[in-house]
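The structure presented is a predicted model; accordingly, all values stated were derived computationally and were not measured. Numbers restart at 1 for each chain; the letters A, B, ... are given by sequence-line order, proteins then strands. The figures here come from the full heavy-atom set of this structure, side chains too, leaving out hydrogens, waters and symmetry mates.
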Amino acid sequence: MYLQLQQQLIQRVSDLLKRQYDVELPRIVVDQPPNVGLGEYALPLSFELARKLRKPPRMIAEEVVAALGQVPGFEKFEVAGAGYINARINREEAARLLLDPSAPRIGSATGKKILVEHTSINPNKAAHIGHLRNAILGDTFVRLLQAAGARVDVQNYIDNTGVQVADVVVGFLYLEKKGKSEIEKLIASAGPPPHSFDYYCWDLYARVSQWYEESKENLKLRLQTLHDIERGGNDAAEIGKLISMAIIRRHLETMERLSIEYDFLPQESEILHLHFWESAFEQLKQKGVLYFETEGKNKGCWVMKRAISPQAAKRQAAAEGNDAGEAKGGQNKDGPDEDAKVIVRSNGTVTYVGKDIAYHLWKFGLLGRDFGYQRFYCYPNGRQVWISAESGEKDHPHFGGVNAIYNVIDSRQADPQNNVIEAIRGLGYTEQAEDYHHFSYEMVALTPRCAMDLGYDVSEEDQKRSYIEVSGRKGFGVKADDLLDSLIAAAQKEVDSRHPEMVGQERHEIASQIAIGALRYFMLKFTKTSVIAFDFKEALSFEGETGPYAQYAIVRASNIFRKAGLSAEEILGGETDLHFLKEDDELWELWLRAGQLSSMIEQCIATTEPAYAAKFAFQLAQQFNNFYHKHHILTEEDEAKKGFLLATAAVVRRALIHSLELMGIGAPIVM
RNA sequence: GCGCCCGUAGCUCAGCUGGAUAGAGCGGUUGCCUCCGAAGCAACAGGCCGGGAGUUCGAAUCUCUCCGGGCGCACCA
């Protein structure tokens, strides 16, 4: 509702500016006045135009207001402060839009096919809290895109031929002296966490990392095992596959607990064995993106010019604009470009970035090759997960070939990601390069106190830091399933004491809804650029700015309807006297925020920042709680007023449920 | 050395495509359950928005610089 009216207003104003002053602003800024009593939109454009038109801002504002006249959906326009143009929405009309449950919503991404890749945990150990942040951010973004009308494929990339898997293979073969059949038995006999296979590997992985430090001979075994796995067709490769498959299944189980699902699991082994790189290599050579270095430290390698950061590129472009004609970059300096990125090593093997370029050409449908596809797992709701295979099933959906991609990868991978984008741009695929988004986020770390509570040795130096990085290699971190279990246990305790009348199964379901709400909200309330210093006390909290706070607001709203013997849907569809909105700014503010839901969705997508969704839900819940406290609906004597208050609760409840849904958080029946 | 991110209340963080009086949660103090459930509400205390300069009618927000912290910069994966 809010977004629609805003777009109409912008259109109207920009037409007017063109007609009346013959000016076109690149963007018409729309703010919200400090309080709703001043209107719903504030346009500061007169300040911007004052110089250009040689008129004081206030005069411009007055002229614009006079010229605007009547605009459908708006009550009036007025000049405020030193020259703001404030717009007032026709409250009753807007509220009617909000009540209509069948109102069509058209998002900015309608009709687009978008690929989101997230989770992508090395299949060699249990998932930890850092992986949770990745998966929750990714899954929430998927939901936001879908709400904006996009068709989204969800991919979870599996690096099954990397060192991490090799390390665990080494652990089984040389530390534990276990063969294939013994590992098979181990997998078959594993139970749920903490007796699960991924937990077992978590410890083994840490032990192997220690063991490598004991002698150089051990490290040689690692390299040899890695090469065996890459080549395929041997014991190490078989065991690697066995381990990786078993761990992937565990990761899917862990994520399923959080309602996180996938469509396709592309594996690195297929990228290798189906020769994706060979196709990419041809293209890259032909277009001159890669060149063969004949001198310097990279002699004998195929290299590409290293990408510069987007910001540095902007600065460089600006500098070039100032003094055009200057030499640009190091390409034509003396000697080889020592800073170049090696893509093919002098021994002929391809680096990780090279494989990634090939893989991303596939994503955009530009490679000319495809994976084989095999069924891997089917969710209870019928959704099918596919996994890559050398020769797959005959009938399968087609993945890749999308309009835009989002890779949810932590900020430490910014350089390699930029290199892939540069290669794609270099091949002439500028549009695709623009629609390649590195969805970058900061890591989750542990506070020193948290690390010590978990029983880890923390050096004196580390104790002074505000946070310590999680490390799978050291086995240092909080496992995802452990955290979930603690959260469920904590929620269960509350539910048990509040609802002794309910049966165990029901209580457990509610407890897990609350736990997931707490966890998902916790991971989303921080902006992507903020390092989360993980702290159990904060994460386990169900009070204040948390998921359960918002869930509780919904429960309260639902209780009103249950107690009244009405359904919220009935109220939304019925007749409501909306004149109360005219004089009550506080109530109108509540309706207005509910109406800003789609505006919030677009903002999240435009900035790739799901944290806005969390803030939105919390603020709406907070406003609702305030309303709930102030108005006792069921004892309201004025029938018209009562109906209006019920409609208010129904509208807000629906917006709350929807906003939590966007974050993958369910609405419990009771709490 | 180069690049990226961060620095806002005691703590953890919003606000940053410039705009009206800088916000929230936690923690602290104090109230509120005969009333749709207190996982809640209300109130108070708490701020040179890291320092400095610049751009602007206007800067927490943009630019530069310095200080402090974090993370990247292999023919490793």
Side-chain angles (χ1 to χ4, degrees), chain A residues 27 29 31 33-35 38 42 44 47-48 50-51 56-57 80-84 122 159 161-164 166 223 226 230 268 293 297-303 306 308-312 339 341-347 349-353 355 410-416 418 440 442-443 445 447 465-467 469 491 494-495 498 514 518 525-533 535 537-538 541-546 548-549 551-553 555-564 606-607 611-612 614-615 618-619 622 625-626 628-636 645-646 649 670-671:
Chain A
R27 205 187 61 250
V29 178
D31 290 316
N35 65 71
L38 293 169
F47 301 109
E48 205 176 333
R51 172 168 291 182
Y84 283 98
N122 283 317
D159 183 2
T161 57
V163 271
Q164 286 87 353
L223 204 63
L226 177 64
E230 278 182 1
E268 183 164 87
E293 184 57 81
K297 65 169 187 171
N298 296 332
K299 186 176 174 184
C301 299
W302 287 89
V303 301
R306 189 176 294 270
I308 52 173
S309 72
Q311 270 204 16
D339 190 43
K341 175 72 200 164
V342 171
I343 302 298
V344 181
R345 302 180 189 104
S346 54
N347 67 7
T349 57
V350 60
T351 60
Y352 189 82
V353 171
K355 285 180 264 187
D410 74 72
S411 62
R412 289 172 290 195
Q413 303 279 350
D415 281 0
N418 284 333
S440 165
E442 279 292 341
M443 61 179 173
T447 60
R465 298 160 149 240
S466 52
Y467 52 81
E469 193 177 346
E494 293 292 325
V495 177
R498 285 162 207 246
I514 293 168
K525 76 180 199 183
F526 301 93
T527 51
K528 299 178 302 176
T529 52
S530 165
V531 175
I532 298 181
D535 181 81
K537 193 167 154 270
E538 254 185 274
S541 168
F542 300 145
E543 286 163 23
E545 197 197 333
T546 64
Y549 176 93
Q551 289 175 315
Y552 186 60
V555 167
R556 283 176 137 187
S558 303
N559 282 348
I560 297 170
F561 295 104
R562 205 188 32 193
K563 207 87 171 186
T607 54
Y612 292 120
K615 294 287 164 200
F618 175 65
Q619 282 165 6
Q622 205 172 30
N625 275 332
N626 187 287
Y628 179 89
H629 183 74
K630 217 170 226 170
H631 303 272
H632 198 268
I633 300 174
L634 296 183
T635 54
E636 173 61 50
L645 293 175
L646 280 167
V670 295
M671 281 177 74

S.K.: Between rC6(B) and rC76(B), how far apart are the C1' atoms? Round to whole Å, please.
M.R.: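 It works out to 29 Å between them.
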S.K.: Taking D535(A) for the side chain and E538(A) for the main chain, is one N or O donor matched with an acceptor at less than 3.5 Å?
M.R.: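 Judged by distance alone, yes, a pair lies under 3.5 Å.
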S.K.: Please give, in whole Å, the distance from rA77(B) P to N122(A) CG?
M.R.: 14 Å
S.K.: Among residues at least two apart in sequence or on other chains, which ones pass side-chain contact (heavy atoms from CB on, under 4.5 Å) with S466(A)?
M.R.: none
S.K.: Taking only side-chain N and O atoms of Y467(A), does any of them lie within less than 4.0 angstrom of OP1 or OP2 on rG69(B)?
M.R.: no
S.K.: Could you tell me how far apart M443(A) (CE) and rG72(B) (C1') are, to the nearest whole angstrom?
M.R.: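 Taking atom C1' of rG72(B) as the reference, CE of M443(A) is at 11 Å.
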S.K.: With heavy-atom distances below 4.5 Å as the criterion, would you say the side chains of Y352(A) and D159(A) are in contact?
M.R.: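 Yes, at least one pair of side-chain atoms sits under 4.5 Å.
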S.K.: Could you check whether any side-chain heavy atom of L646(A) comes within less than 4.5 Å of a side-chain heavy atom of F561(A), counting everything from C-beta outward?
M.R.: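 L646(A) reaches F561(A) side chain to side chain.
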S.K.: Rounding to a whole Å, what distance do you find between I560(A):CD1 and rC36(B):C1'?
M.R.: 5 Å
S.K.: Work out how far the P atom of rG50(B) is from that of rC13(B), and round it to whole angstrom.
M.R.: 15 Å
S.K.: Give R562(A) one of three labels, base, sugar-phosphate or nothing, depending on what nucleic acid heavy atoms sit under 4.0 Å from its own.
M.R.: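 Nothing: the residue R562(A), judged by heavy atoms under 4.0 Å, touches no strand.
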S.K.: Please identify each residue that fulfils salt bridge (charged side-chain N to carboxylate O under 4.0 Å, His left out) with E469(A), with sequence neighbours left out.
M.R.: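 E469(A) satisfies salt bridge (charged side-chain N to carboxylate O under 4.0 Å, His left out) with R412(A) once adjacent residues are dropped.
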S.K.: Where along nucleotides 19-29 of chain B does protein come under 4.0 Å, by heavy atom, of base (B) or sugar-phosphate alone (S), with - for untouched nucleotides?
M.R.: BB---SSS---
S.K.: K563(A) has a side chain; which of rG37(B), rG15(B), rC5(B) sits nearest to it?
M.R.: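 Selected nucleotide: rG37(B).
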S.K.: Can you tell me how far P in rC73(B) sits from the matching atom in rG28(B), rounded to whole Å?
M.R.: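 One P to the other, the span is 43 Å.
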S.K.: Between which residue ranges does RNA chain B form stems of three or more consecutive Watson-Crick or G-U wobble pairs, both distances under 3.5 Å?
M.R.: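 So far as stems of 3 or more pairs are concerned, RNA chain B shows B:1-7 with B:67-73, B:10-13 with B:23-26, B:28-32 with B:40-44, B:50-54 with B:62-66.
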S.K.: Are any of N625(A)'s side-chain N or O atoms less than 4.0 Å away from OP1 or OP2 of rC41(B)?
M.R.: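 Yes.
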S.K.: Starting from C1' on rG15(B), measure out to CZ on F526(A) and report it in whole angstrom.
M.R.: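 The distance from CZ of F526(A) to C1' of rG15(B) comes to 16 Å, rounded to the nearest Å.
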S.K.: Take the protein atom CD1 of I532(A) and the nucleotide atom C1' of rG70(B), then report the distance between them rounded to whole Å.
M.R.: 15 Å
S.K.: Which of these nucleotides, rA77(B), rC36(B), rC71(B), is closest to any side-chain atom of Y628(A)?
M.R.: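 In terms of side-chain proximity for Y628(A), the closest of rA77(B), rC36(B), rC71(B) is rC36(B).
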S.K.: Can you tell me the distance, in whole Å, between the NZ atom of K630(A) and the P atom of rC36(B)?
M.R.: 19 Å
S.K.: Could you work out, with side-chain contact (heavy atoms from CB on, under 4.5 Å) as the rule, every residue matching S558(A), not counting sequence neighbours?
M.R.: I554(A), R653(A)
S.K.: Considering only the C1' atoms, how many Å lie between rG19(B) and rG58(B), rounded to the nearest integer?
M.R.: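 Their C1' atoms lie roughly 7 Å apart.
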S.K.: Do the side chains of T349(A) and R345(A) get nearer than 4.5 Å, heavy atoms only?
M.R.: yes
S.K.: Is any side-chain N or O of N559(A) closer than 4.0 Å to OP1 or OP2 of rG37(B)?
M.R.: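 Yes, within the criterion.
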S.K.: Would you mind reporting whether R562(A) and V670(A) have side-chain heavy atoms less than 4.5 Å apart?
M.R.: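 V670(A) reaches R562(A) side chain to side chain.
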S.K.: Taking only the P atom of each, what is the distance from rG7(B) to rA45(B) in whole angstrom?
M.R.: 27 Å
S.K.: Are Y549(A) and N625(A) linked by a side-chain donor-acceptor pair shorter than 3.5 Å?
M.R.: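 Present: a donor and an acceptor within the cut-off.
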S.K.: Checking contacts here: which listed nucleotide (rC36(B), rC13(B), rA39(B)) is nearest the side-chain heavy atoms of S530(A)?
M.R.: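 Between rC36(B), rC13(B), rA39(B), the one nearest the side chain of S530(A) would be rC13(B).
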S.K.: Distance between the C1' atoms of rC11(B) and rC36(B), in whole angstroms?
M.R.: 36 Å
S.K.: Check the distance between rC35(B)'s C1' and R556(A)'s CZ and give it to me in whole angstrom.
M.R.: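 Rounded to whole Å, this separation is 13 Å.
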S.K.: Would you find a donor on one side and an acceptor on the other, under 3.5 Å apart, between the side chain of T351(A) and the backbone of I343(A)?
M.R.: yes
S.K.: Do T161(A) and E230(A) pair up side chain to side chain, a donor and an acceptor below 3.5 Å, judged on atom types alone?
M.R.: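 E230(A) and T161(A) do not have a side-chain donor-acceptor pair below 3.5 Å.
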S.K.: Which one, rC71(B), rC36(B), rA42(B), comes nearest to the side chain of N626(A)?
M.R.: rA42(B)
S.K.: Would you tabulate the nitrogen or oxygen pairs shorter than 3.5 Å linking the protein to nucleotides 73-75 of chain B?
M.R.:
from: rC75(B); atom 1: O3'; to: R345(A); atom 2: NE; distance (Å): 3.0
from: rC75(B); atom 1: O2; to: S346(A); atom 2: N; distance (Å): 3.3
from: rC75(B); atom 1: O2; to: S346(A); atom 2: OG; distance (Å): 3.2
from: rC75(B); atom 1: N3; to: S346(A); atom 2: OG; distance (Å): 2.8
from: rC75(B); atom 1: N4; to: K297(A); atom 2: O; distance (Å): 3.3

S.K.: What distance, rounded to whole Å, do you find between the two C1' atoms, one in rG51(B) and one in rC57(B)?
M.R.: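 Straight-line distance between the two C1' atoms is 26 Å.
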S.K.: Are rC35(B) and H632(A) stacked, with the base six-membered ring and the side-chain ring centres under 5.5 Å apart and planes under 30°?
M.R.: no
